[in-house]
**Student:** 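The structure follows.
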Amino acid sequence: MYNIPTLNRLLLYALQYCLLSACLGGMCIRAQDFDHYTRLTSRSPLPTELLNSRVNPHRQALLHSSGRLGRKGTRKDTAAFYAERAYYIRQLMLSGKVLFNDPVGTYLNEVADNILQQQPQLRKKLHFFVVKSPSVNAFATSNGLIFVNMGLLAKLQSEAQLAFVLCHEISHFVQKHPLDIFLESRALEKDANSLFRELSVEEVLLAQSNYTREKEQEADQGGLQLYLASPYSLAAIEQAFDLLENAHHPFADLPFDGRVLGAPPQLLAAPYWPGELKDSPGHQPSARYNTHPVPDERKKHILSQIPPAPDSGRHLYLLGQERFRQVRKICRFELCFLYLLEQQYETAIYHTFLLLKTHPQSKYLKKMMGHALYALTKYANAGKFWDVHTPYDEAAGYARQLHYFLETIQGETLNALAIVYHAQLFRATPADKEICLMLEDLMLDFGASYVPDSSSFLLLLQGSGEEAMAEKGGSEEAAGNLLLQYAGTDSAFRALFIQKIKEAHRDIPPKPQALSPKLKEKMAVKGIKLGLEKVVFVNPYYQQLDTRNKKRPSPLQAELKEAEYIRQLQLHAQQLGLQYSMLSTQTLGADDTGLFNDLCLLDEWMEEQVRNEEVKMVSINHGEVQHLASKYGTPYFVWTSAVSLTRPRPGKVLVISAGLLLPLMLPYSIYYATTPVHHSLYYTVVYDIQSGDLLLQYPKLIRMKDRGDVMHAAIYDLLLQMKTAP
């Protein structure tokens, strides 16, 4: 891997390389209008790597590792590695985080062509994919799939830097590091009761990370040799390590200008923007369990290995500097959305601010900033601001100013700032219903939280702007001044604001943001009648878990059970007369790119619902999801999954002992001790994607093995609740 290790999770994605997609990709880059940017989606055809990922060819892969099978104790672990690799690659390739045949992925493959132009056989074994993730990371698998995150691509300064990163990952593949690391990890697990029985968990983790560091150093060395054989500039090697060392920094470091948020003059001076904050290096994660050597150490070691050869004849760009900058810009624009998806709202604001420096008219950027400001305000109103806020002393460089400012103005002022920002945004794009929904939601929150029924603020708001400002005077809160000032310049805003404040104080119980525990229990035990005529099933999922001696269930068996689960959903829906559409990766063909893109969009939507479970908000892809409700003829979308759990019986020793003391109980004791415990969990949620309301939450636990009759009964009960009219 080529990353900083504290990034909390690894998202991996896929891309098919072919000449036609290269041509289309280049055209797409040149045609992209960044003032009206649209996010990347996959294009036809879906690659064979994606379609074949539904099959687990681990036995065939096992035959190619015969040199490792002779080592004692590794045959079973190697087989497990290839089985698990196939399973997890399938999950990643179908996760909704993957792009195919897009311009960024096409570019990756063309750079790889330049690196491996003298090694065509190796090039045929490798497939390069782009990752929709903000983390600065790249990753290689044992079967030649190499993934690069958008977060890394957005930070690069040249095509040659990218080439060095790819050389490092290619070296991992050539030296079979993924398998080696897996086998070493398994060996440490097995020795936990012997070699490491006196060691703490932290010391075992340290031993594992030290082994992985050795592999990283080997990959550096092998990658260097590969890079030296390429036509790329040697100067980019040191720059690539500098990138790693500063991976936690934004791609630029500029003083934040509060005017982009619509902050009035009284909020643009100290104490809101103390200048001394700019010098902090930001939060540096601990390197104790870092699986990668410290970048500075790696840089010194590699630079000492570079021969004193001239850099003449070598290049920073082979595909062109402008092509590189366009690809990097696309990745930077994509990161605005990805930061929002991962609730990094302040990072999204600062990142968007940097892009607005060169694209001040971009509607996409202004809307992304609006979503981030809206989300921070909603979390603050829910008393959960610190759940999504990063303290200013953990931010890097000038970004600390923004973090300090937001931390200082929490509450009424933050609400006012968000309302005015969205009002201005809506005035510029009145056809955007998503912005209107956020504005109305913010006004309702402000009315409920900061305007009592008898408040003089409402009276001032109902007057003219000049009269209101004159009566209020300069001694009042900045929030009130800001709102009243804007109300005096926009009569439509003033009328809508008054309406929403009055609506916030109507004698109507507010709609709950989340289901109460009592209602959840009613849904689970007594059921609930929805009376739906048509639903859309979104990628039904089946998983097997076995806790007996860390036994790993067969991925192939899980896939077969998932196919059966989907078939039963379709069968029972037909029997009950419930109309449905089935969106499933199980049935994808090469030309089903539209269906795949719909699944990606819905996965993003659901991910946001899960993250924001306690704070209901307008989704960051609300407009795109509304299109799906029209496309499939219903707003009711169903996410359903089944989990089969097998675990050992508790108290086996006690039961066997009782059987030995009471011979008549011995047969029962033996049966009890040798028979595992089976549980089948069926979990389903039904959403109205137009309103974002959760209509049904259905957790059903059956203390039985997931036999066919058990599955049938659970599915029938679920669909009956959806179909039956209240």
**Student:** Tell me whether the NZ or CZ atom of R43 lies within the 45° cone about the ring axis of F100 and under 6.0 Å from its centre.
**Tutor:**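 No, a cation-pi geometry is absent between R43 and F100.
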**Student:** Taking the side chain as every heavy atom from C-beta outward, state whether V643 and Y541 have any atom pair closer than 4.5 Å.
**Tutor:**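 The answer is no, as the side chains (C-beta and beyond) never meet within the 4.5 Å cut-off.
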**Student:** Go through it in stages, so that I can follow the logic: the residues are V131 and M150, the test is side-chain contact (heavy atoms from CB on, under 4.5 Å), and I'd like the CA-CA distance, side-chain angles, deciding distance and then a yes or no.
**Tutor:** CA-CA 6 Å; V131 180; M150 283 185 169; over 6 Å; no
**Student:** Quick one: list whatever passes side-chain hydrogen bond (donor to acceptor under 3.5 Å, both in side chains) with Q574, sequence neighbours left out.
**Tutor:**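 Checked Q574 against side-chain hydrogen bond (donor to acceptor under 3.5 Å, both in side chains); matches are Y580.
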**Student:** Evaluate the side-chain proximity of L532 to K534: yes if any heavy-atom separation is below 4.5 Å, no if none is.
**Tutor:**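 No, their side chains stay 4.5 Å or more apart.
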**Student:** Should Q575 and L571 count as side-chain neighbours, where that means a heavy-atom distance under 4.5 Å?
**Tutor:**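 Yes. Closest side-chain heavy atoms under 4.5 Å.
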**Student:** Would you indicate whether the side-chain heavy atoms of R39 and L601 approach each other to under 4.5 Å?
**Tutor:**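 In contact.
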**Student:** Nearest heavy-atom pair of A140 and I146: which atoms, and what distance?
**Tutor:**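 Heavy atoms only, the tightest pair is CB-CG1, 4.1 Å.
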**Student:** Given P103, which of L40, L108, V130 fulfils the side-chain contact (heavy atoms from CB on, under 4.5 Å) condition?
**Tutor:**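 Single side-chain contact (heavy atoms from CB on, under 4.5 Å) partner of P103 among L40, L108, V130: L40.
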**Student:** Taking C-beta and beyond as the side chain, do T634 and V535 meet within less than 4.5 Å on heavy atoms?
**Tutor:**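 No; the side chains remain at least 4.5 Å from each other.
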**Student:** Looking at residues at least two apart in the chain, or sitting in another chain, which of them share a side-chain contact (heavy atoms from CB on, under 4.5 Å) with A642?
**Tutor:**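 Y542, Y565, Y682.
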**Student:** Relative to the ring of W639, is the ring of Y687 parallel (under 30°), tilted (30 to 60°) or perpendicular (over 60°)?
**Tutor:**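 Aromatic pair Y687/W639 classed perpendicular.
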**Student:** Counting distance only, does the side-chain N/O of Q626 pair as donor-acceptor with the main-chain N or O of I689 below 3.5 Å?
**Tutor:**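 Yes.
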**Student:** Over all heavy atoms of both residues, which pair between N149 and S133 is shortest? Give the atoms and the distance, please.
**Tutor:**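 Closest pair (atom of N149, atom of S133, distance): ND2-OG, 3.3 Å.
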**Student:** Given D591 and S44, is the side chain to side chain donor-acceptor pair (under 3.5 Å) satisfied, shown in steps?
**Tutor:** CA-CA 6 Å; D591 297 325; S44 293; 5.0 Å; no
**Student:** If I take atom CG from residue L569 and atom CD1 from residue I715, how far apart are they, to the nearest 0.5 angstrom?
**Tutor:**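 Result: 4.5 Å between the selected atoms.
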**Student:** Out of curiosity, H572 NE2 to L718 CG, how far, rounded to the nearest 0.5 Å?
**Tutor:**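 With rounding to 0.5 Å, NE2 (H572) is 10.5 Å from CG (L718).
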**Student:** Would you say D688's side chain and L695's backbone share a donor-acceptor pair under 3.5 angstrom?
**Tutor:**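 No: the side chain of D688 does not pair with the backbone of L695.
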**Student:** As a test of understanding, state which of L694, V610, L696 forms a side-chain contact (heavy atoms from CB on, under 4.5 Å) with V685.
**Tutor:**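 That would be L694.
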**Student:** Shortest non-hydrogen contact from H712 to E564?
**Tutor:**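 Of all heavy-atom pairs spanning H712 and E564, the closest is NE2-OE2, 4.4 Å.
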**Student:** Quiz question: by atom type and distance under 3.5 Å, do the side chains of N621 and S619 form a donor-acceptor pair?
**Tutor:**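 Their side chains do contain a donor-acceptor pair, which is all the 3.5 Å distance test asks for.
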**Student:** Report the C-alpha distance between F596 and D592 in whole Å, list the side-chain angles of each, state the deciding distance to 0.1 Å, and finish with yes or no for side-chain contact (heavy atoms from CB on, under 4.5 Å).
**Tutor:** CA-CA 6 Å; F596 181 77; D592 292 330; 5.9 Å; no
**Student:** Would you call K384 and E614 a salt bridge, using N to O less than 4.0 angstrom?
**Tutor:**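 Yes, charged N to carboxylate O under 4.0 Å.
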**Student:** Would you confirm whether S135, through its side chain, and N137, through its main-chain N or O, come within 3.5 Å as a donor-acceptor pair?
**Tutor:**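 No, because the side chain of S135 does not come within donor-acceptor range (under 3.5 Å) of the backbone of N137.
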**Student:** May I ask you to decide whether R567 forms a salt bridge with E562, counting only side-chain N to carboxylate O separations under 4.0 Å?
**Tutor:**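 Looking at R567 and E562, the cut-off is not met.
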**Student:** For the atom pair CG (L701) and OH (Y683), what is the distance rounded to the nearest 0.5 Å?
**Tutor:**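 Those atoms lie 13.5 Å apart.
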**Student:** Going by atom types alone, do Q568 and Y716 pair a side-chain donor with an acceptor below 3.5 Å?
**Tutor:**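 No.
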**Student:** Would you please name every residue forming a side-chain hydrogen bond (donor to acceptor under 3.5 Å, both in side chains) with K705, sequence neighbours left out?
**Tutor:**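 K705 satisfies side-chain hydrogen bond (donor to acceptor under 3.5 Å, both in side chains) with no other residue.
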**Student:** Between CE of M711 and CE of M704, what distance do you get to the nearest 0.5 Å?
**Tutor:**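 Going from the CE atom of M711 to the CE atom of M704 covers 13.0 Å.
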**Student:** What are the two closest non-hydrogen atoms of F637 and L628, and how far apart are they?
**Tutor:**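 Taking every non-hydrogen atom into account, CZ-O, 4.0 Å.
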**Student:** Would you please name every residue forming a salt bridge (Lys or Arg N to Asp or Glu O under 4.0 Å) with D709, sequence neighbours left out?
**Tutor:**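 Here the qualifying residues are R707.
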**Student:** Distance only, no hydrogens: is a donor on one side chain within 3.5 Å (strictly under) of an acceptor on the other, for H172 and E169?
**Tutor:**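 There is no such pair (donor and acceptor under 3.5 Å, judged by atom type) between the side chains of H172 and E169.
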**Student:** Using the test side-chain contact (heavy atoms from CB on, under 4.5 Å), find all partners of E533 that sit at least two apart in sequence or belong to another chain.
**Tutor:**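 For E533, the residues satisfying side-chain contact (heavy atoms from CB on, under 4.5 Å) (neighbours in sequence not counted) are K723.
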**Student:** Of all heavy-atom pairs between L719 and L578, which one has the smallest distance, and what is that distance?
**Tutor:**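 Closest heavy-atom pair between L719 and L578: CD2-CD2, 4.2 Å.
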**Student:** Can you tell me if E434 uses its side chain to pair, donor with acceptor, with the backbone of G623 under 3.5 Å?
**Tutor:**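 Side chain of E434 to backbone of G623, a donor-acceptor pair under 3.5 Å: yes, one is there.
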**Student:** Does the side chain of K616 reach to within under 4.5 Å of the side chain of D693, using non-hydrogen atoms?
**Tutor:**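 When only atoms from C-beta onward are counted, D693 and K616 do touch, with a gap below 4.5 Å.
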**Student:** Give a yes or no answer on whether the side chain of T724 reaches the backbone of Q721 with a donor-acceptor pair at less than 3.5 Å.
**Tutor:**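 Looks like no, no N/O pair under 3.5 Å.
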**Student:** Kindly compute the distance separating CG (L340) from NE2 (H371), expressed to the nearest 0.5 Å.
**Tutor:**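 L340 atom CG to H371 atom NE2 measures 7.5 Å (nearest 0.5 Å).
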**Student:** Considering all heavy atoms of both residues, which atom of S42 and which atom of T593 are nearest to each other, and what is their separation?
**Tutor:**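 Shortest heavy-atom contact: O-CG2, 3.2 Å.
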**Student:** Taking side chain as C-beta onward, heavy atoms only, is E624 less than 4.5 Å from H627?
**Tutor:**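 The answer is no, as the side chains (C-beta and beyond) never meet within the 4.5 Å cut-off.
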**Student:** To the nearest 0.5 angstrom, please state how far the CZ atom of F537 sits from the OG atom of S584.
**Tutor:**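 Answer for the CZ-OG pair, F537 versus S584, is 11.5 Å.
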**Student:** Under 4.0 Å between a side-chain nitrogen and a carboxylate oxygen: does that hold for R611 and E608?
**Tutor:**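 Result for this pair is no, no salt bridge flagged.
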**Student:** Only counting residues at least two apart or in another chain, list the ones meeting salt bridge (Lys or Arg N to Asp or Glu O under 4.0 Å) with K631.
**Tutor:**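 Residues passing salt bridge (Lys or Arg N to Asp or Glu O under 4.0 Å) with K631: D598.
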**Student:** side-chain contact (heavy atoms from CB on, under 4.5 Å) between V104 and L99: does it pass, once the steps are laid out?
**Tutor:** CA-CA 9 Å; V104 179; L99 288 171; over 6 Å; no
**Student:** Could you check E607 against L341 for side-chain contact (heavy atoms from CB on, under 4.5 Å), going step by step and ending with a plain yes or no?
**Tutor:** CA-CA 8 Å; E607 182 179 346; L341 195 61; 3.7 Å; yes
**Student:** Hey, are the side chains of L437 and H622 touching, using non-hydrogen atoms and a 4.5 Å cut-off?
**Tutor:**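 They are in side-chain contact.
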